[in-house]
Each structure stands twice: as C-alpha cells, then as structure tokens.
Number of protein chains: 2
Amino acid sequence: MTGVTTAAADSAADDPGAGTPRSAAGEEAGPVKAAARGEAATEADSSPVERPRRARGEQTRQLILETALRLFRERGYAETTMRAIAKEAGVAVGNAYYYFDSKEHLIQGFYDRNQAAHRVAAERVLNTEKDFAARLRGVLHAGIDVNEPYHSFAATFFKTAAEPSSPLSPFSSESSPAREAAIAIFRDVIEGSSAKIDPELRRELPELLWLAWMGVVLFWVYDRSPGQRRTRRLIDGVVPLVDRLVGLSRLRVLRPALRQVLALIDTIRRD
Amino acid sequence: MTGVTTAAADSAADDPGAGTPRSAAGEEAGPVKAAARGEAATEADSSPVERPRRARGEQTRQLILETALRLFRERGYAETTMRAIAKEAGVAVGNAYYYFDSKEHLIQGFYDRNQAAHRVAAERVLNTEKDFAARLRGVLHAGIDVNEPYHSFAATFFKTAAEPSSPLSPFSSESSPAREAAIAIFRDVIEGSSAKIDPELRRELPELLWLAWMGVVLFWVYDRSPGQRRTRRLIDGVVPLVDRLVGLSRLRVLRPALRQVLALIDTIRRD
DNA sequence: GACAACTGTTGAACACGTTCAAGAAAGGTG
DNA sequence: CACCTTTCTTGAACGTGTTCAACAGTTGTC
C-alpha cells in the first residue's frame, strides 16, 4: 500500500523568507539529486550529476524550499504556483528548477521533516513504555499527531506519491533513506519491548509493522471524519489484534500458518 | 487502500474512430455527471445539472470516449493531449469538455469497461468451480488477466485515482456503482461455493475480499517484475491463507478474535 | 411558420509547469 | 592581474489542461 512516507509539524519556517536564511547546516545534507526519471525505458540516463553544493547555492536552495513549504501551508499545494514561489522568494522561476527537478520534488523536503518529527515524537513513547502494544499504539498515534496539521493537503500530494514511478513513492529508491528511518522506528518498538516473539517473525516484523503503518496512513488520507477520529479508532482497534497475533506466533498450533506467511513474504520479495 | 477499480481487455474500439460510431445503446447509460468538485469547502456547488442525453449528444460522447481510449492505449495517458483527442475525433477541444469534466473523467469510461470484462472473465470460473479457494483464486487471476494489457499506463493514472477527492477514487460516491459491481463478484465467489463459513463473517466477507482485491491491484500496479509474476505469486500465496482463515472462522477457540475483528470493522464503518 | 428554450459546438484566450539559451558571479590557476 | 571553468541566475517561450463568450442546431409551443 502506498502512503505518505512520514509526517511532522515542522514548526520551523515560521519567519518569512525575507531575511537571513539558516546557515547551511542541518537536515537536507543528502546527496540524492539526479532524478531517476520516470518515462519508459529510453536508454541509460547519462547524468549522475551530483552537484557540489557551494555555500551560496545551498542558501538559495533553502530559501526556495522554506518559501515553498510556507506557501503550501498557507494556500495549499495545487494553489501555489511556481511563479508565486519564485516571486515570494525573490528569484526567477528558472532558479527554482535549478535546485528542484520539479514542483513535486519540493515535497520531498516536507517528507524529510515529518519523518524527523515522527522520530522525535516516537522517542517520547519509546523511552517510557515497555509493553509492546503500548509502544506500538503510541508510535502510531504519534505519527498521526505529527501529520494532523497537514491532513487537508497531505491528501493533495498523496496523489503525487502514489505514482509508482514517482521518486516520492514510499517504495522508490529515492525515498529509501526515509523508508529505512521509518522502519527503524518500528524496530525500536519491538526491541525495546518486553514481548516474546517467534524469532523468525521478529526478523520480518519491523518491515511488516511499517507496512501496516503505511496502511494506517492510507486510511488516514481517505479519512473524512471530524478530526480523523476513525483513524484513531482504527489504531486502537488494530493494535490489540496485532499484539494478540504476535503473542500467538509462538504457539505450536499456529506454526504452520506462520511458516506459510513467512514463506509467502519470502517468495514475493525475491524478484 | 486505493486501487484501480477494475480492469478489462476492451477489445472493442479496434476500428479507428473514422466511421460510424456505435448506436447509442450499451454501457454508459449512467446518469452521473455533476462533478462533486474537489477543492476546499466553498459553499454549496449549485449545479446538480443532470443532462438529458439526446441521441446526437450521446453519439458525440461515445466518439470522443472511443478516440480517447484508443489514443491512451497507443501513446499512453500523459502523452495524449486533449487537443489530439479532439483533432482525431474531428471536434473542437471545448466539445470534449462539454461531455467530460476533465481529462481524468475520460478514465472512468475505461474503468467501466474493465469492470464488465472482469465480470465476464470471472463468470467462466464461477460456473465451473465449486471450491472456495479455487473460485477466489480464479477470480483474482481473471482480474489481473483482464488488466494485463494496460499495466504500463494503469500505473500512470492510478495516480489519478489515488487522490481521495477525485471522483475516480474507488471509494468515491461517483464510483460506487462500479464498486458495488465488483463487490458483487466476490459475493458470488462465496455464495456459489461449498465453503462453510461463520455467518457473521459471511456477511462482511464480500467487502473484505474486495478490499483484498484492491490490495492485490495496488501490489500489481507497483509490481515491476517481468509479466508481473510477483503478483501472480502473491495471489497463489494469499488465497490458501484466506481459505484457511475462513475455514478456521468457525472454530470455538478463535471466536473471540473473530468477534474482535468484526467489531473493529463495525466501529470504523460508522462515522 | 415564428418564437423561445434548450442542447451542442467552436476556437481563441488564460494560467500553469517546465525548458533553454544566454549571461552574470565566483573560484581557480598562471 | 588576465584567463578559463564552474556555479548560479535570468526571463522569454513552449505546450499543456481548462474556460468561456459566442454561435449553431434542434425541439417544443402557440
């Protein structure tokens, strides 16, 4: 299932872009730039460009990103034009395209922040709870908490993330750092818990939980109930089920079924 | 989970649009037209237009749809411009917009056909098999068979269907006829089978199987393996699991768990 | 047949995302 | 310093989906 990779209340970017852009430090140090390009199979894309990022460039890049995210928040994604972003940031349109391959690529910045915010919010739970179900429940709710302010336009560019060939797809290689980071959270959920889990299942569980999380996000995106309370209920209902299932995983009687599931996962995973 | 509602090899529309468009009969009798409009909550949309559909209009409408689908198949969705469709159909651009609210709305026609084709293909299985697992397996494979020729661009406009506010979303009210039809197939899978199923589960099962089908479609859309064989394996692996689970549903020991699941579904369903 | 009220059709015009050739600024090298 | 190379910046121009005011065709009414 597809889904917004992460989520987070970036309370940064509160002051308009006008003045001093943050010093080049922090997030966004990543190298990824050369778009994998969607399209059909048209020969090798001869451009692993890899830009060196001088100081000035980094500054402009941040300025454009801040401005874009602010406008997205203020007006929504579709309603924010590239011209508006450029104008507000005080640069030419073309300049934005020098740093970001497309309007969609601006969203990646959003993901990265929300991922980080989810991590932080999850940490609070993971440091205090030992019970598996409580940990899982806390982490899932934290993820939704962090995404909540963006529900209205998360849906809008969820659309964008849904295209398999899009670099924004949670399954794309371009988002694999974010994906790994997300899976790591669920690994922590398991490892720090007191739960006794079948070892084979334990190995696969972080990824499975992440997948379940993607499912929850997907549900959330479609959730039109006030305050998305149906999603909250889904979490509260699903967690005990998962907990029970995981607990049952060590029962002799269910071994064959578990094996069957694990074998299936394995079969599917190898190409 | 989002997913292409249906699928089908429309072998109709083989002769180019040039000559006589089919007589207004057949599919597409539906009334739905007044778009729900996405956007924010901007007052009531004062237009439940409901067009009467005269004969001539219906003819033009069909012509435009045929032409569009043909071009989509030949060149892909993104590469087909509204201007090209209009030109090829011998009408003005604006005319296409008289019949279809947007380019995306042309896709709905595609869905409807594929839905019908899936029904037909499923029938063949349902008429010969009695075993639940075999029926389910057959129906799922039939659905993929029917979609196969369109895999390359199904992905492209899967993106479109993914947006929750889009009328193309499988969960939207605008696609509810297609959705109901799809669920009906799974109802037949169950009712015609020899399987003994807990009655409460039985009531919910068609919708659950449809949901699973949406999951399979989602997987298929993302499946890049040659011939999408991973999807085939997924089906072959998941069906026995579902079968086993359904069979177990009548066991006394698993009653509480089943109840828990059904209660969850109920909770979530009511807003 | 005259008139009105639709349904159906047109193509220019608009705003948007994106590209690109041109050039300015900054760094590096002798 | 002069020079070359690389990074960065510009804005006009292109092709796209979509809109809209105008007009044509059809149907119904007296």
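We use all heavy atoms of the structure for the numbers below, so side chains are in, but hydrogens, waters and symmetry mates are not. Chain identifiers are assigned alphabetically (A, B, ...) following the order of the sequence lines, protein sequences preceding nucleic acid strands; residue numbering begins at 1 within each chain.
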Any protein N or O atoms within reach of nucleotides 16-18 of chain C? Criterion: under 3.5 Å, listing atom names and distances.
| from | atom 1 | to | atom 2 | distance (Å) |
| --- | --- | --- | --- | --- |
| C/dG17 | OP1 | A/K103 | NZ | 2.8 |
| C/dG17 | OP2 | A/M82 | N | 2.8 |
| C/dG17 | N7 | A/R83 | NH1 | 2.8 |
| C/dG17 | O6 | A/R83 | NH2 | 2.7 |
| C/dT18 | OP2 | A/Y97 | OH | 2.8 |
| C/dT18 | OP2 | A/K103 | N | 2.9 |
| C/dT18 | O5' | A/Y97 | OH | 3.4 |

Across all chains, not counting sequence neighbours, the side-chain contact (heavy atoms from CB on, under 4.5 Å) partners of A/A89 are A/L63, A/T67, A/V91
Can you measure B/Q62 atom CD to C/dG8 atom P for me and round it to whole angstrom units? 13 Å
A/Q59 has an atom CD; how far is it from atom C1' of D/dT7, in whole Å? 14 Å
Protein-nucleotide distance (B/I64, atom CD1; C/dG8, atom P), rounded to Å: 11 Å
How many Å lie between CG on B/N95 and P on D/dA24, as a whole number? 16 Å
Give a yes/no answer on whether the side chain of A/Y98 brings an N or O atom under 4.0 Å of OP1 or OP2 in D/dT9. no
Please identify each residue that fulfils salt bridge (charged side-chain N to carboxylate O under 4.0 Å, His left out) with B/R232, with sequence neighbours left out. B/D145, B/E148
I need the minimum non-hydrogen distance between A/V216 and A/I144, along with the two atoms involved. CG1-CD1, 4.2 Å
Results of salt bridge (charged side-chain N to carboxylate O under 4.0 Å, His left out) for B/E180 - residues two or more places apart only: none
Can you sort out the partners of A/T81 under side chain to side chain donor-acceptor pair (under 3.5 Å), two or more places apart, ordered by chain and number? none
Counterpart residues, ring pair (Phe, Tyr, Trp, His ring centres under 6.0 Å), relative to B/H151 (two or more places apart): B/W220
